[in-house]
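Below: one structure, written as structure tokens.
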Protein chains: 4
Amino acid sequence: MGLIGGGPGSFIGPIHRIAAEMDREIELVAGCFSSDPGSSREAGESYRIDPARAYPSLDAMFAAEKARDDGIDFVSIVSPNHHHLPAARAALAAGFPVISDKPATSTLSEAQELTALVASAGLHYALTHTYTGYPLVREARARVAAGALGTIRKLVVEYPQGWLAGEAVGKQAEWRTDPARSGPGGCIGDIGTHAFQLAEFITGLKVVELLADLAAVVPGRPVDDDCTVLLRYDNGARGVLLASQIEVGEMNGLRIRVYGDKGGLVWRQEVPNTLTLHSLDGRTEVVHAGGPQLGPDAASRTRTPTGHPEGYLEAFANIYRDFAAVLRGESAPLLPGIEDALRGMTFVDTAVRASRDVSGWVPLTV
Amino acid sequence: MGLIGGGPGSFIGPIHRIAAEMDREIELVAGCFSSDPGSSREAGESYRIDPARAYPSLDAMFAAEKARDDGIDFVSIVSPNHHHLPAARAALAAGFPVISDKPATSTLSEAQELTALVASAGLHYALTHTYTGYPLVREARARVAAGALGTIRKLVVEYPQGWLAGEAVGKQAEWRTDPARSGPGGCIGDIGTHAFQLAEFITGLKVVELLADLAAVVPGRPVDDDCTVLLRYDNGARGVLLASQIEVGEMNGLRIRVYGDKGGLVWRQEVPNTLTLHSLDGRTEVVHAGGPQLGPDAASRTRTPTGHPEGYLEAFANIYRDFAAVLRGESAPLLPGIEDALRGMTFVDTAVRASRDVSGWVPLTV
Amino acid sequence: MGLIGGGPGSFIGPIHRIAAEMDREIELVAGCFSSDPGSSREAGESYRIDPARAYPSLDAMFAAEKARDDGIDFVSIVSPNHHHLPAARAALAAGFPVISDKPATSTLSEAQELTALVASAGLHYALTHTYTGYPLVREARARVAAGALGTIRKLVVEYPQGWLAGEAVGKQAEWRTDPARSGPGGCIGDIGTHAFQLAEFITGLKVVELLADLAAVVPGRPVDDDCTVLLRYDNGARGVLLASQIEVGEMNGLRIRVYGDKGGLVWRQEVPNTLTLHSLDGRTEVVHAGGPQLGPDAASRTRTPTGHPEGYLEAFANIYRDFAAVLRGESAPLLPGIEDALRGMTFVDTAVRASRDVSGWVPLTV
Amino acid sequence: MGLIGGGPGSFIGPIHRIAAEMDREIELVAGCFSSDPGSSREAGESYRIDPARAYPSLDAMFAAEKARDDGIDFVSIVSPNHHHLPAARAALAAGFPVISDKPATSTLSEAQELTALVASAGLHYALTHTYTGYPLVREARARVAAGALGTIRKLVVEYPQGWLAGEAVGKQAEWRTDPARSGPGGCIGDIGTHAFQLAEFITGLKVVELLADLAAVVPGRPVDDDCTVLLRYDNGARGVLLASQIEVGEMNGLRIRVYGDKGGLVWRQEVPNTLTLHSLDGRTEVVHAGGPQLGPDAASRTRTPTGHPEGYLEAFANIYRDFAAVLRGESAPLLPGIEDALRGMTFVDTAVRASRDVSGWVPLTV
């Protein structure tokens with residue numbers, strides 16, 4: 001694996017590295033960690049890779065790696081959003097499959113271009129919607145698919161954070177609040193896309209229209225930092241999506257509640273190892289990660305016995321494990337791919353447009 | 001105290017009785033528990049009052065009680081919504097102060113009439129927004145007022161229930177889903193009003209416009225059972241109100257989160273004895289009911305030491321305690337009154353209207 | 001009902017009053033609230049009873065109340081421990097049934113005398129082990145009795161508090177740490193007895209021997225404030241009882257976990273409205289107060305629907321409700337009585353003796 | 001790194017591999033995974049190492065690895081307890097530092113021999129007390145050391161599990177309940193040692209005497225599966241250690257509560273990313289992993305921002321990270337070493353002896 005981005009000060013770069021390597025199916029061996037050659041070299045040292053393989057440019061990396069017998073098999077893109085498309089374009093052109101941080105691009109038109117590029121390249125493309133890697137998210141999906149909740153009628157997916165409640169200070173905050181780098185969506189692109197995708201992932205439903213109210217709450221902020229979106233799904237189910245980065249005290253509170261005519265379920269990212277299931281007769285069951293109640297989608301992606309908490313890195317590793325599987329020619333139907341990329345950017349684009357003049361429902365058409 | 005409503009099968013009647021009497025400042029001594037004389041008599045027995053004071057009609061009760069030296073000092077109205085106005089009108093005309101279950105009436109025009117009646121009668125009127133009786137709700141209000149959260153920017157108030165996810169079976173369910181008895185609002189009137197009032201109570205802000213999406217999710221239901229309402233407050237703060245009665249497994253999950261530019265707070269009705277406070281520097285403090293951190297509004301309404309849980313009945317009793325205070329001529333500034341009645345019904349009316357054609361923001365004007 | 005004790009500054013007096021009256025089967029009408037006549041009068045006012053029935057002495061109360069047609073039917077003893085026996089003796093001699101705060105007496109020999117007195121008087125005697133009044137404690141007992149856990153093998157009952165971690169300041173703290181008033185047991189008598197009784201109540205098992213290690217942790221304290229007791233039950237099951245009043249931050253953390261060869265259960269007093277059940281196959285079920293899963297013992301002692309929390313006062317009221325039932329000649333098999341009184345004091349006495357020289361198992365023989 | 005043990009069916013082998021490699025400072029390159037050559041080869045494949053480096057014997061591994069320029073720098077011992085000493089002896093003799101699963105050996109005399117071997121070899125030895133790797137455990141230790149709790153008076157450390165409540169089925173269960181392989185301690189050695197060490201780690205106190213009651217609850221089990229141990233620390237503080245493997249429904253519930261004269265703290269392994277701190281004035285603070293309140297011991301061992309849960313594998317990785325540091329000649333004062341090994345086995349030995357005839361306090365002398 002070659003990393004694109006993840007240079008000095010990156011939060012997500014080292015996390016991709018750990019996640020990718022956790023199951024020993026992937027190894028980080030090269031990278032173009034920064035557009036600044038010195039920074040790229042410095043990052044290469046921190047990742048403990050061969051200094052010769054910390055490249056100053058994408059072109060250099062692709063050329064050199066293709067020339068090696070033991071060159072990289074794919075690239076992982078972890079740079080800010082506006083770099084995603086150029087990086088993916090170059091990688092696909094050079095014949096490398098791509099796994100990319102989300103959102104897939106910074107604009108919808110870029111996502112459309114990317115979709116076409118992936119199709120014409122005939123190469124694998126995956127999107128790291130990390131939270132779908134949690135075993136109990138996969139269990140939730142399997143339970144819904146098996147009919148445990150009956151027909152889905154309602155869902156509430158929330159993604160509260162508080163880290164941008166003050167001034168945007170630091171590398172992470174700066175690019176995420178700069179439309180030139182993040183795209184037109186701020187919070188809606190950064191975390192709203194996770195919530196949108198998670199709800200579709202668990203329920204198997206697709207959003208067909210939405211009503212969005214996005215705002216920049218912190219004075220002077222050029223992108224949204226607080227989002228309320230009403231959703232309608234293709235079976236008529238009602239959804240509410242709340243995402244915010246100004247809710248002081250909230251950390252990374254992604255959570256989802258799904259209700260059907262027979263039951264309900266609740267999952268929370270910050271306590272990811274339990275899934276609560278309700279049934280219409282008043283019974284409440286708690287399902288534990290690693291426990292005997294889990295189906296194969298969850299059980300096969302669990303590394304520790306019940307009571308030994310797995311967390312964010314393990315969920316992330318499950319995404320890479322799926323990606324390694326598809327690269328080997330195996331099936332990994334739960335791995336988010338280019339369709340999620342396009343849907344996600346369509347969601348961001350539609351929500352941003354809809355929010356300019358909140359005047360009712362707007363179709364979400366991919 | 002004389003009870004109006006609360007006949008056989010009533011959930012809320014016995015609860016009002018317990019709450020009213022808990023602090024021994026009020027005693028239930030009379031009632032017109034049902035429009036059916038036999039049922040009223042039967043209920044009188046179950047409440048263990050003097051059989052002679054279980055009246056067959058309001059007129060009979062008011063006449064007889066006024067003739068007694070030890071007659072009732074006020075009435076408590078706990079009948080279904082459509083009875084609220086006639087009962088209050090008769091009581092006020094007979095010179096009795098009124099404490100009433102919410103929503104205050106079944107329609108906005110009734111609430112406007114009631115407002116005028118209360119004003120002209122010059123008698124006390126209170127509305128049992130039970131949840132404002134919880135000590136930690138009052139503490140939350142005090143902390144916000146003292147500036148602990150800074151300027152309020154955002155709040156999320158949710159009231160999920162699941163008990164109407166199936167067919168509406170039983171006395172409680174039947175009248176609440178019948179517009180002739182409940183009024184045009186179903187869920188929005190039954191529990192949405194609590195959420196609306198709680199948020200204004202804690203923050204001191206007033207809603208100035210809203211965007212509402214109400215639906216009858218259960219097929220054939222003539223009133224809404226699932227509500228999403230976006231709120232704007234008079235200081236520009238953004239609010240989201242979610243209320244539902246079809247979320248299977250949810251019991252009585254009223255909860256509120258409030259965020260300012262300096263801090264945040266979280267309170268949940270089902271675990272009412274803790275209040276969580278967050279500050280911008282990352283600190284999280286848990287405040288306990290009965291503990292030494294509480295201010296006078298909370299401390300004066302707590303009956304047990306920390307760790308001895310108080311609950312719904314004690315919160316309810318605090319409302320009656322405030323009402324007893326105002327009847328004695330004392331001040332009870334936190335007691336919900338006729339203004340809350342009118343605001344609540346304006347909220348229901350505005351939300352129902354706004355939801356008929358979801359096309360943007362609608363002013364809420366009282 | 002006539003109250004004995006509960007004078008100015010009493011925590012438990014007002015709580016008994018609320019609990020006794022909650023279901024309108026009992027009314028506080030008289031009392032000898034203090035051995036100081038002025039204090040008794042003052043307390044009478046605070047309880048809002050007829051001033052003539054706030055008596056300066058037990059003799060005065062018994063004489064006057066027996067002379068009335070509407071005199072009290074029983075007394076409730078809420079004074080410090082060393083008053084329990086004299087008060088009960090006088091009441092029984094005067095022909096009044098007794099309900100008493102626990103521990104029943106301050107010494108074992110007093111409890112033995114009391115047992116004989118109750119037997120010879122042929123009058124009802126009940127002990128307010130409040131926590132057995134919680135609906136889910138009764139549900140737990142019913143589940144164990146029905147075999148849901150199989151054969152009980154192990155239990156852990158804990159009662160951590162922290163309010164005596166510093167100097168014993170205030171009326172409550174002072175008498176509880178004074179052996180002349182509390183008896184030889186401090187923490188073990190005050191809260192250890194609750195834990196001991198709760199475990200026997202839920203499991204139906206009886207302790208046959210124990211190993212105790214009690215200590216006065218706060219320098220200079222003349223009674224124990226931290227207790228560890230190992231228990232053996234009559235079926236061979238192993239128990240651990242931890243009680244402490246010096247665990248800073250603990251409030252009133254009574255909790256119990258019971259394990260059999262087929263399942264386990266967990267209940268916590270501070271979140272009393274859920275009961276967690278585990279089965280050997282890895283399933284975890286959460287049972288909610290007020291919900292449809294409850295058996296009659298719990299359901300008949302619940303006043304509110306699921307999600308409307310009941311707490312300590314309602315649990316206490318259930319004890320009084322049972323006492324009212326037995327006074328009416330009905331059965332109330334779950335009401336703690338004189339056997340619990342004697343067992344409890346035997347437990348305290350045995351634990352205090354055993355702890356003087358911790359040298360192995362000591363039989364608990366009633 | 002070369003692994004000793006961790007062959008087919010091992011739970012702990014793959015976990016050591018993930019933990020060791022997480023921070024890219026260590027790589028698994030060789031192993032003697034089983035005493036059966038075929039099994040060792042098979043395991044080597046599953047770990048994806050060079051087949052030539054999956055050795056059939058320790059001798060073969062040490063000889064071959066010493067002959068390589070890129071041979072292993074140390075071994076990690078993850079085989080059942082009775083193999084620990086022979087494996088460590090051989091490794092030390094061959095000049096390899098050792099990191100070992102706990103308990104260090106199967107008997108105390110073996111631990112004493114091991115202590116001497118380590119001393120004479122002059123090589124690093126570490127013991128994987130995983131739970132001390134959790135950032136908030138290290139934070140707890142730092143807070144205690146800084147005096148936040150005042151003088152420690154009391155602690156309760158519990159390690160409940162339920163997985164051995166039935167028959168011991170499967171590889172993990174079988175060797176752990178076989179004294180020939182586990183040593184004389186069952187539960188006390190397997191998990192009691194973790195609890196013992198965690199309490200000393202956090203408080204800095206040392207146990208000086210104990211009273212133990214161990215039992216084999218499951219009929220026919222030849223080792224203890226349920227343990228109660230009373231502890232006295234060198235400053236006079238009182239401790240209670242509960243460990244069990246027959247508590248149905250408990251998963252891996254290690255938790256600790258520590259109380260001083262100024263404050264208290266609570267930490268639970270199953271929700272490892274919060275630490276609760278209480279102070280004598282009634283304040284409760286919740287500290288979050290990854291948050292700004294953490295001191296350097298915790299902050300330097302955290303890989304993700306607050307709200308992104310880390311778990312068991314990350315805690316384990318912190319132990320390896322410390323070991324890598326000491327191998328590089330750096331300081332890692334929190335890394336458990338040979339002293340913990342000897343203390344742990346002394347604890348097991350003392351507890352097993354003490355429990356044969358429970359007759360009071362037994363000194364714990366290392």
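Naming: A, B, ... by sequence-line order, numbering from 1 per chain.
If you take CG on D:Leu210 and CZ on D:Phe347, they are separated by 6.5 Å, rounding to the nearest 0.5 Å. Atoms OH and CG, on D:Tyr159 and D:Leu254 in that order, are 5.5 Å from each other to the nearest 0.5 Å. Note that the CZ atom of C:Arg176 and the CG atom of C:Asp225 stand 14.0 Å from one another [nearest 0.5 Å]. In this structure, CD on C:Glu200 lies 9.5 Å from CG on C:Leu155, to the nearest 0.5 angstrom.
For D:Thr228, the parts lying near chain C are the backbone and the side chain together; criterion is any non-hydrogen pair under 4.5 Å. Looking at D:Val258, neither its backbone nor its side chain comes within 4.5 Å of chain C, counting heavy atoms on both sides. If you measure heavy-atom distances from D:Ser244 to chain C, the contacts under 4.5 Å come from the side chain alone. Only the side chain of D:Leu230 comes within less than 4.5 Å of a heavy atom in chain C; its backbone stays farther off. Proximity to chain D (any heavy atom under 4.5 Å) is shown, for C:Arg283, by neither the backbone nor the side chain. Of the atoms belonging to D:Leu211, it is side-chain heavy atoms, and not backbone ones, that fall under 4.5 Å from chain C.
Listed by chain and residue number, D:Trp267 satisfy the ring pair (Phe, Tyr, Trp, His ring centres under 6.0 Å) test with D:Tyr134 (two or more places apart in sequence, or in another chain). A search for ring pair (Phe, Tyr, Trp, His ring centres under 6.0 Å) contacts involving D:His278 returns nothing, not counting sequence neighbours.
Counting heavy-atom pairs closer than 4.5 Å to chain D, the top-ranked of the candidates C:Glu247, C:Lys262, C:Glu158 is C:Glu247. Interface check for chain D: of the options C:Gly264, C:Gly249, C:Ser279, C:Gly260, the most heavy-atom pairs under 4.5 Å are formed by C:Gly249. Put simply, of D:Pro160, D:Gly282, D:Ala165, D:Gly162, the one with the most heavy-atom pairs under 4.5 Å next to chain C is D:Ala165. Options D:Val217, D:Thr284, D:Thr276 differ in how many heavy-atom pairs under 4.5 Å they form with chain C, and the most are formed by D:Val217.
Side-chain polar atoms of C:Tyr312 and C:Gln269 form no donor-acceptor pair below 3.5 angstrom. Looking only at atom types and distance, the side chain of D:Asp190 has a donor-acceptor partner in the side chain of D:Gln245 under 3.5 Å away. A side-chain N or O of D:Tyr259 and one of C:Glu250 form a donor-acceptor pair less than 3.5 Å apart. D:Gln161 and D:Asn252 share a side-chain donor-acceptor pair at under 3.5 Å.
Just one residue in the list C:Val169, C:Thr177, C:Asp226, C:Val218 forms a side-chain contact (heavy atoms from CB on, under 4.5 Å) with C:Leu164, and that residue is C:Thr177.
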(message) Walk me through whether D:Leu275 and D:Val286 qualify under side-chain contact (heavy atoms from CB on, under 4.5 Å).
(response) CA-CA 6 Å; D:Leu275 171 68; D:Val286 179; over 6 Å; no
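Within residues 231-243 of chain D, the residues having any heavy atom under 4.5 Å from a heavy atom of chain C are, by residue number, D:Arg232, D:Arg238, D:Val240, D:Leu242. Applying a 4.5 Å heavy-atom cutoff, the residues of residues 355-362 of chain D that approach chain C are D:Val358, D:Ser359, D:Gly360, D:Trp361.
Within the cation-pi definition used here (under 6.0 Å to the ring centroid, within 45° of the axis), C:Arg141 qualifies as a partner of C:Phe201.
For the pair D:Asp261 (side chain) and C:Gly166 (backbone), a donor-acceptor distance under 3.5 Å is absent.
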